[in-house]
2 protein chains.
Amino acid sequence: MQNLSKTINNNMGKTNCSCEKCQLKSLFFSHVDASEMSNICDIKVEKQYSKGEIITTEGEPIREFIYMKEGLVKLSKTGTDGKDQIISFSKPFDFVSLLSVFSSKTYKYSVTAIEDTTVCILDLDVVKNHAQENALFAMDLMARISEATDKILLDNLAIKRKHLKGRIAHVLLYFSDYIYKNDEFELPISRREIAEYIGMTTENVIRTLSEFRKDKIIKIFGKDILISDKKRLQNISDFG
Amino acid sequence: MQNLSKTINNNMGKTNCSCEKCQLKSLFFSHVDASEMSNICDIKVEKQYSKGEIITTEGEPIREFIYMKEGLVKLSKTGTDGKDQIISFSKPFDFVSLLSVFSSKTYKYSVTAIEDTTVCILDLDVVKNHAQENALFAMDLMARISEATDKILLDNLAIKRKHLKGRIAHVLLYFSDYIYKNDEFELPISRREIAEYIGMTTENVIRTLSEFRKDKIIKIFGKDILISDKKRLQNISDFG
DNA sequence: ATTATACGCTGTTAATTATCATAACGCGCT
DNA sequence: AGCGCGTTATGATAATTAACAGCGTATAAT
């Protein structure tokens, strides 16, 4: 898989990606004119990451502006004790490189693919130069960053208000309603990662999932989850 | 006090504020030229809030771009159950209006003065227009928003990692080291507000402060706190 | 002076969560 | 197949935190 992405990298990513047709073009580049756009398009590199591969590493210098075309990633940070905390999950429209690209020299968080993920990579200096010359583009970026950040903060606050069961319910509904839009889905993360996300222990995540199963709220087949009593789960999320 | 701020409001805030000398000018407006600046200066209104006064209210439409000149505020959000959560505290250089000014029509959080606070208020549309025409200004704003957000996220993550005692120690050190730069200070918030900030109950905040007092780590006189054993407090914050 | 009210403080009990221990299971590897 | 390893699973116990109840104090309003 590493080979695959390297191959695409060497091809300059031209194989699968046409900027003109890109869904995301309107999000980031609606105020960028055709000649500028072709300039951006020439330097962009499309890159694929398999589930589990690290996209950016905490502490590394930020050289690139990255946006997601496809897939699912986690943002995480390693504490001084070596334990990870997951800050959020992002799918394409939510993710604007890293939040700190315009204020920090190094990545404050790591980004890891939790499903096969395709990103487009632009040289950060080029993007910055464009932003400095095109205020509407800069404003678009600002709005995107703002939205992404707000979403993370609101989600964190919502989780903080809840107890163990409510937090687990919240996560299940997050994947069911927001990510997969289906009552049945395959969890893209381990129980430990759920724990890192909601700030509880792995054992309690496992235990609580088992309880939900015993209470016939969900069915579990390894990582496959089926939500059989959504109302109850919603209720636990809202009031637990 | 309400009268005082009204008076200043009616004076168009010209009484005490000269934009040319303003410390914050370089932060937000370093890339705004003299004529633009005088334009901005003409429409700005300086406003004072006494401790406890609400500056912006969650849910209200965002019409203004606000930045702090002086003071201390809290950002908070009310949950569906009516309970408040405090997201962060901000002093002048940290605070860039509300994070969502460029992505949302309404305030997602409330801002309340927890010390007497002076802010400068600009019409949001005017600021947006300036940003749309001056990309460097837009970039400056973006960097500010990014920094402010990162600080909030990192602080929240640090708190999340800790237990009750570590969280209390964290808060005490936050005010001592970051806000007041003094081992002795007056807490600008109540025990309940500390609880709302760290996500624990008021009783436990009070109890823990008492324990710290019994352990001779701090001295307490109502809201006055004196940190007598900073090393131990730091240790509790780092490992508790 | 009296009432109301918010706040700070403490003790007790109940609930929640972490920690430790153990075991089954799946999966890649040889 | 058998081994090693990480994940999932469950139980017992300890630690932590919440919830409830009570009480004193300061402050402001009547």
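Keep in mind that the numbers below use all heavy atoms, side chains included, and drop hydrogens, waters and symmetry copies. Owing to the predicted nature of the structure, the values given are computational and were not obtained by experimental measurement. To find a chain, count down the sequence lines: A is the first, B the second, and so on, and within it residues start at 1.
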How close or far is atom P of D:dT8 from atom CZ of A:Arg192, stated in whole angstroms? 9 Å
Grab the two heavy atoms, one from A:Glu46 and one from A:Lys69, that are nearest each other, plus how far apart they are. OE1-NZ, 3.9 Å
Quick one: is A:Arg213 getting a side-chain N or O under 4.0 Å of the D:dT10 phosphate, OP1 or OP2? yes
Let me know the distance between NZ of B:Lys214 and C1' of C:dC9, rounded to the nearest Å. 9 Å
Does B:Thr202 place a side-chain N or O at less than 4.0 Å from the phosphate oxygens OP1/OP2 of C:dG8? no
Would you please confirm or rule out a distance under 4.0 Å between OP1 or OP2 of C:dA18 and any side-chain N or O of A:Asn204? yes
Is there side-chain contact between B:Val73 and B:Tyr49, with at least one heavy-atom pair below 4.5 Å? no
Taking atom C1' of D:dA9 as reference, at what distance in whole Å does atom CZ of A:Phe212 sit? 16 Å
Tell me the interatomic distance from A:His163, atom NE2, to C:dA15, atom C1', rounded to whole angstroms. 9 Å
By the 4.0 Å heavy-atom rule, please label B:Lys223 as base, sugar-phosphate, or nothing. sugar-phosphate
Minimum-distance nucleotide (side-chain atoms of A:Thr201 versus C:dT19, D:dT17, C:dT17): C:dT19
Mind calculating the distance between CD1 (A:Ile194) and C1' (D:dT7) to the nearest angstrom? 12 Å
Exercise: do A:Lys162 and A:Ser237 side chains pair donor with acceptor under 3.5 Å: yes
Considering every strand and a 4.0 Å limit on heavy-atom distances, what is the contact class for A:Ile206: base, sugar-phosphate, or nothing? base
It should be established whether A:Arg191 places a side-chain nitrogen or oxygen under 4.0 Å from OP1 or OP2 of nucleotide D:dA9. yes
Any side-chain N or O of B:Ser190 under 4.0 Å from OP1/OP2 of C:dA6? no
In whole angstroms, the gap separating P of D:dT8 from CG of A:Asp224 amounts to 12 Å
Tell me the interatomic distance from A:Lys160, atom NZ, to D:dT17, atom P, rounded to whole angstroms. 14 Å
Can you tell me how far P of C:dA6 sits from CD1 of B:Ile189, to the nearest Å? 19 Å
Check: B:Thr57 side chain, B:Ser110 main-chain N or O, donor-acceptor pair, under 3.5 Å: no
Checking B:Asp84 against B:Thr78: is there a side-chain donor and acceptor pair closer than 3.5 Å? yes
Taking only the side-chain nitrogens and oxygens of A:Arg207, find out if one of them lies under 4.0 Å from OP1 or OP2 of D:dA9. no
Name the nucleic acid region contacted by A:Lys165, choosing base, sugar-phosphate or nothing; use a 4.0 angstrom heavy-atom cut-off, strictly under. nothing
Please pick, from C:dG8, D:dT10, D:dA21, the nucleotide with the shortest atom-to-atom distance to any side-chain atom of B:Glu203. D:dA21
